[in-house]
Amino acid sequence: MITRINKAKDINDAVISSAKVEGFDYGHEEGLRKGRKEGQAEGRKEGHKEGHKEGKAEGERKIALNLLEMGLPIEKISEATGLEVEILQQLKSEKT
């Protein structure tokens, strides 16, 4: 009788141990999937933000170049675009 109880306990312990391993593996895989998904979403968000920032800077640069070609004073272009005078002077020297 005690031998049967010990066997049953051993079987129960083995089943529980196996379930723990399976649960850990499942949780690990699920965590990796969730982490990848969140990482990709964050990457897209950061990429969009960076692209928007670069596009805005390029637009300001093009406007400044057009205004320089029209002969407007650098100080006025700085007021209109928000670009620093030094940057505008550099753009002007690159243009010529």
Enumerate, atom names and distances included, each donor-acceptor pair closer than 3.5 Å involving a side-chain atom of residues 78-89, sequence neighbours excluded.
from: Ser78; atom 1: OG; to: Leu83; atom 2: O; distance (Å): 2.6
from: Thr81; atom 1: OG1; to: Ile77; atom 2: O; distance (Å): 2.8
from: Thr81; atom 1: OG1; to: Leu83; atom 2: N; distance (Å): 3.1

Margin query: If the condition is salt bridge (Lys or Arg N to Asp or Glu O under 4.0 Å), which residues does Arg33 pass it with, not counting sequence neighbours?
Written below: Glu30

Next item on the list: For Glu58, enumerate each residue passing the salt bridge (Lys or Arg N to Asp or Glu O under 4.0 Å) test, keeping only those at least two apart in sequence or located in another chain.
Entry: Arg61

Return all side-chain donor-acceptor pairs below 3.5 angstrom for residues 40-53, not counting sequence neighbours, or 'none' if the list is empty.
none

Next item on the list: For Gln90, enumerate each residue passing the side-chain contact (heavy atoms from CB on, under 4.5 Å) test, keeping only those at least two apart in sequence or located in another chain.
Entry: Glu94

